[in-house]
Visitor: 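Can you keep this structure in mind? I'll have questions shortly.
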Amino acid sequence: MREIAKDIFYVGVDDLDIDLFEGMYRVPDGVSYNSYVIKSAKTAVVDSVDCRFEKPWLDNIDEVLGGSSPDYLIVQHMEPDHSACVAAFINKYPNAVIVGNQKTFVMLEEYFGAQFPNRLTVAEGDELSVGDHVLKFIFAPMVHWPEVIFTYDVSRALLFSADAFGKFGALCRPENDWVSETRRYYIGIVGKYGVQVRAVFKKLTDVELKIVAPLHGPVLTGERLNENLRLYTLWSGYEPECDCTLIAYASVYGHTKAAAELLAEKLTERGAAVKLMDLAREDWSECVAQAFRCANLVVAAPTYNADIFPAAREFIDRLVERNYQNRTVAFIENGTWALVCAKLMRARFEKCKNLTYAATEVKVRAALNEESKRQVEELAEELAAK
């Protein structure tokens, strides 16, 4: 097992069999379920793992502790990929004390149908001494469940951050674009709760952070930690990362796609950065994440059954669900006999805050013609000027 700081060991597991995280996010490189052991005069385990990995997790703890029994199990987050082995842990170590808040213990009873008598209920700011480690508990409600606790090891300047600062991908797999997978994770899992993330950030203002140990993905230190903090500041404030335009399109026979590609070409000619994505074929969570990365969004879709083409409708709904805001939005609509798509798309964005809508709407009647090409030019000029 790996020592991530003096007396603190990683005892988590990799899941390479999972195809959908939380039943909807594609994870071709798997995911890790992280757990940690603080080994000192007293020992504490921080979080458990998914139920399918009960044995290797308990074996990892045994290896670190050399067969001795831990004193505490700190339950920071009750989502089953992190709490499913709590009962098995207590069966093996019946004298261990479970540490959590009031909501934690309500959820434990709901999940396991049993009470756990050896418990320590903590409040905001409470401290627990574990040998020469002083652990301070920082509540992080709705990041992204209501019972979430962060645990700060004062002696090591190390924050156990629950699901915050997590990332898709098993630790045994080589990392490709770690920012992309961190972004996709944040926007998908935590993105709705920017206000709550900012609230926790305020609690951490005067806290020294040398190491952050999340429940998914690698332990963060140095420049990578600093970059994650910078990105979380942007994401939680719903601010774009770059002055780029995402053109997200859905097309039945290729005519809407042609309009989207023409707009991308005209923007590129004007020196603007462009990202073009097919909503029907590309990973929806990556499309959503890219919408949050970019400053401008163009949604291009045909009318379908007197409504928005499904892939575009679902894309917009997922943005709205995650509190999409502070962007410029434009529309390209296509309709052979009914041009209603742009109006319907705009109506779905009504719940979003601080959106600026482009003055130009591109209206394609079946296929591009001189008039709709002129509108594409106008939209390109308008977006490039922004």
Visitor: Would you call R224-E227 a salt bridge at under 4.0 Å N-O?
Guide: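 Salt bridge: no.
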Visitor: Take D132 and S40 through the side chain to side chain donor-acceptor pair (under 3.5 Å) test and state the conclusion after the steps.
Guide: CA-CA 7 Å; D132 63 348; S40 191; 3.1 Å; yes
Visitor: Any side-chain heavy atom of V45 within less than 4.5 Å of one from I61?
Guide: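 A side-chain contact exists here, since the closest heavy-atom pair is under 4.5 Å.
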Visitor: Using only atom types and a distance under 3.5 Å, with no angle test, would you say the side chain of Y111 pairs donor to acceptor with the backbone of V106?
Guide: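 No, because the side chain of Y111 does not come within donor-acceptor range (under 3.5 Å) of the backbone of V106.
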Visitor: So, using side chain to side chain donor-acceptor pair (under 3.5 Å) as the criterion, who are the partners of T151 when residues are at least two apart?
Guide: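 Result, side chain to side chain donor-acceptor pair (under 3.5 Å) vs T151: Q76.
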Visitor: When you measure from the side chain of Y25 to the backbone N and O of R184, does any donor-acceptor pair fall under 3.5 Å?
Guide: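 Side chain of Y25 to backbone of R184, a donor-acceptor pair under 3.5 Å: no, none is there.
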Visitor: Hey, is the main chain of A170 close enough, under 3.5 Å, to the side chain of S32 for a donor-acceptor pair?
Guide: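 No; zero donor-acceptor contacts below 3.5 Å.
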Visitor: Hey, mind stepping through Y186 and Y232 against side-chain contact (heavy atoms from CB on, under 4.5 Å) and telling me if it holds?
Guide: CA-CA 8 Å; Y186 174 88; Y232 262 61; 3.5 Å; yes
Visitor: Does K92 NZ have over 12 foreign heavy atoms under 6.0 Å away?
Guide: yes
Visitor: If you draw a 6.0 Å radius around NZ in K363, do more than 12 non-hydrogen atoms from other residues or ligands fall strictly inside?
Guide: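 More than 12 heavy atoms, drawn from other residues, nucleotides or ligands, come within 6.0 Å of this atom.
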Visitor: If you apply the rule side-chain contact (heavy atoms from CB on, under 4.5 Å), what do you find for N326 with E239, and how did you get there?
Guide: CA-CA 7 Å; N326 300 328; E239 298 297 331; 3.6 Å; yes
Visitor: How close do A250 and P302 get, counting heavy atoms only, and between which atoms?
Guide: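 Where A250 meets P302 most closely, the heavy atoms are O-CD, 3.1 Å.
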Visitor: Check whether any side-chain N or O of R313 sits under 3.5 Å from a backbone N or O of L344 as a donor-acceptor pair, and report yes or no.
Guide: no
Visitor: Give, for atom CD of Q102 and atom CZ of R119, the distance between the pair rounded to the nearest 0.5 Å.
Guide: 10.0 Å
Visitor: Would you please test S48 and W57 for side chain to side chain donor-acceptor pair (under 3.5 Å) and show each step?
Guide: CA-CA 8 Å; S48 77; W57 175 62; over 6 Å; no
Visitor: Can you get from V274 to L246 by hopping between Ile, Leu, Val, Met, Phe, Trp and Tyr side chains that sit under 4.5 Å apart?
Guide: no
Visitor: Any side-chain heavy atom of F309 sitting closer than 4.5 Å to one from C341?
Guide: no
Visitor: Between D14 and C172, is there a donor-acceptor pair closer than 3.5 Å when you use the side chain of the first and the backbone of the second?
Guide: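 Answer holds: yes.
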Visitor: Could E371 and R374 be called an ion pair, given the rule that one side-chain N must be under 4.0 Å from one carboxylate O?
Guide: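 Result for this pair is yes, salt bridge flagged.
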Visitor: More than 12 foreign heavy atoms under 6.0 Å from CD of E22: is that the case here?
Guide: yes
Visitor: Take N334 and T256 through the side chain to side chain donor-acceptor pair (under 3.5 Å) test and state the conclusion after the steps.
Guide: CA-CA 6 Å; N334 191 344; T256 309; 3.1 Å; yes
Visitor: Of L73, I98, V75, which is the lone residue that meets side chain to side chain contact (heavy atoms under 4.5 Å, CB included) with F89?
Guide: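 Option passing the side chain to side chain contact (heavy atoms under 4.5 Å, CB included) with F89: L73.
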Visitor: Is the number of heavy atoms from other residues, nucleotides or ligands within 6.0 Å of CZ (R52) greater than 12?
Guide: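 Atom CZ in R52 is crowded, with more than 12 foreign heavy atoms closer than 6.0 Å.
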Visitor: Please evaluate residues R348 and D317 with respect to the criterion side-chain contact (heavy atoms from CB on, under 4.5 Å), reporting the C-alpha separation (whole Å), side-chain torsions for both, the decisive distance (0.1 Å), and the verdict.
Guide: CA-CA 7 Å; R348 294 190 98 83; D317 288 348; 2.8 Å; yes
Visitor: Does any part of the side chain of L262, heavy atoms only, come nearer than 4.5 Å to the side chain of L368, both counted from C-beta?
Guide: yes
Visitor: So, Y193 versus W145, ring centres under 6.0 angstrom or not?
Guide: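 No, too far apart.
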Visitor: State, to 0.1 Å, how close V212 and S161 come at their nearest heavy-atom pair, and which atoms those are.
Guide: CG1-OG, 3.4 Å
Visitor: Say whether, by atom type as modelled, one donor and one acceptor occur between the side chain of T268 and the main chain of A264 under 3.5 angstrom.
Guide: yes
Visitor: Can you hop from W235 to L204 via hydrophobic side chains spaced under 4.5 Å?
Guide: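 Yes, one cluster joins them.
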Visitor: With a 4.5 Å cut-off on side-chain heavy atoms, are R327 and L355 touching?
Guide: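 Yes - at least one pair of side-chain heavy atoms lies under 4.5 Å apart.
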Visitor: Any donor-acceptor pair under 3.5 Å linking the side chain of E63 with the backbone of D59?
Guide: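 No, the answer is negative, given that no donor and acceptor are paired below the 3.5 Å cut-off.
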Visitor: May I ask you to decide whether D153 forms a salt bridge with R156, counting only side-chain N to carboxylate O separations under 4.0 Å?
Guide: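 Not counted as a salt bridge, because no side-chain N and carboxylate O are separated by less than 4.0 Å.
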Visitor: Would you name the heavy atoms of A367 and S372 that are closest together and state the gap between them?
Guide: O-OG, 4.3 Å
Visitor: Does atom OH of Y253 have more than 12 heavy-atom neighbours, drawn from other residues, nucleotides or ligands, at distances under 6.0 Å?
Guide: no
Visitor: Any Lys/Arg nitrogen of E381 or R270 sitting under 4.0 Å from an Asp/Glu carboxylate oxygen of the other?
Guide: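 Yes.
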Visitor: Checking side-chain contact (heavy atoms from CB on, under 4.5 Å) for the pair F331/V298: CA distance, chi angles, key distance, verdict?
Guide: CA-CA 5 Å; F331 303 109; V298 181; over 6 Å; no
Visitor: Determine, using ring centers only, whether F165 and H216 are less than 6.0 Å apart.
Guide: no
Visitor: Kindly give the cluster partners of L120, where membership spreads through any ILVMFWY side chain lying under 4.5 Å from a current member.
Guide: I4, I8, Y10, Y36, I38, V46, Y72, I74, V97, V99, V122, L128, V130, L135, F137, F139, I149, L158, F160, L171, I211, V219
Visitor: Whether the side chain of S180 engages the backbone of D177 through a donor-acceptor N/O pair (distance < 3.5 Å, no angle test) should be reported.
Guide: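 Not a single qualifying donor-acceptor pair exists.
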Visitor: Kindly confirm or rule out a cation-pi arrangement of R346 over Y357, judged by NZ or CZ under 6.0 Å from the six-membered ring centre and within 45° of its axis?
Guide: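 Output yes; distance and angle both within limits.
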Visitor: Determine the minimum heavy-atom distance between A164 and P214, stating which atoms define it.
Guide: O-CB, 3.4 Å
Visitor: Is there a side-chain contact between V179 and L231 in this structure, where contact means two heavy atoms from C-beta onward sitting under 4.5 Å apart?
Guide: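 V179 reaches L231 side chain to side chain.
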Visitor: Is there a side-chain contact between L263 and V362, using heavy atoms and a 4.5 Å cut-off?
Guide: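 Not touching, per the 4.5 Å side-chain cut-off.
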Visitor: Going hydrophobic residue to hydrophobic residue with side-chain gaps under 4.5 angstrom, can you get from L58 over to I90?
Guide: yes
Visitor: Test of understanding: clusters of I, L, V, M, F, W, Y form through side-chain heavy atoms closer than 4.5 Å, transitively. Do I18 and M24 belong to the same one?
Guide: yes
Visitor: Any donor-acceptor pair under 3.5 Å linking the side-chain atoms of E382 with those of T360?
Guide: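 Result is yes, a qualifying pair exists.
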Visitor: Give the ring-plane orientation class for H77 versus H82, where under 30° counts as parallel, over 60° as perpendicular and anything between as tilted.
Guide: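 It falls in the tilted class, 30° to 60°.
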Visitor: Taking the side chain from T182 and the backbone from K167, do they hold a donor-acceptor pair closer than 3.5 Å?
Guide: no
Visitor: In terms of ring plane angle, is the pair Y185 and F168 parallel, tilted or perpendicular, where the classes change at 30° and 60°?
Guide: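 Judged by the thresholds at 30° and 60°, the geometry between Y185 and F168 is perpendicular.
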Visitor: Within the distance-only criterion (no hydrogens, no angle test), does the side chain of R173 pair as donor or acceptor with the backbone N or O of G30 below 3.5 angstrom?
Guide: no
Visitor: Would one find more than 12 heavy atoms of other residues, nucleotides or ligands at under 6.0 Å from atom NZ of K203?
Guide: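 Result for NZ/K203: enclosed.
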Visitor: How long is the gap from SG on C287 to NZ on K275, to the nearest 0.5 Å?
Guide: 9.0 Å
Visitor: Side chains of H144 and Q196 only: does a donor on one sit below 3.5 Å from an acceptor on the other?
Guide: no
Visitor: If hydrophobic clusters are built by linking Ile, Leu, Val, Met, Phe, Trp and Tyr wherever their side-chain heavy atoms come under 4.5 Å apart, do V37 and V134 end up in the same one?
Guide: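 Yes, same cluster.
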Visitor: Can you confirm whether M107 sits close enough to S83 that some side-chain heavy atom of one is under 4.5 Å from a side-chain heavy atom of the other?
Guide: no
Visitor: Roughly how far, to the nearest 0.5 Å, is OG1 of T221 from CG of N228?
Guide: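 So the CG of N228 and the OG1 of T221 are separated by 10.5 Å.
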Visitor: Under 6.0 Å between ring centres: does that hold for F116 and F105?
Guide: no
Visitor: Does any non-hydrogen side-chain atom of D19 lie less than 4.5 Å from one of R26?
Guide: no
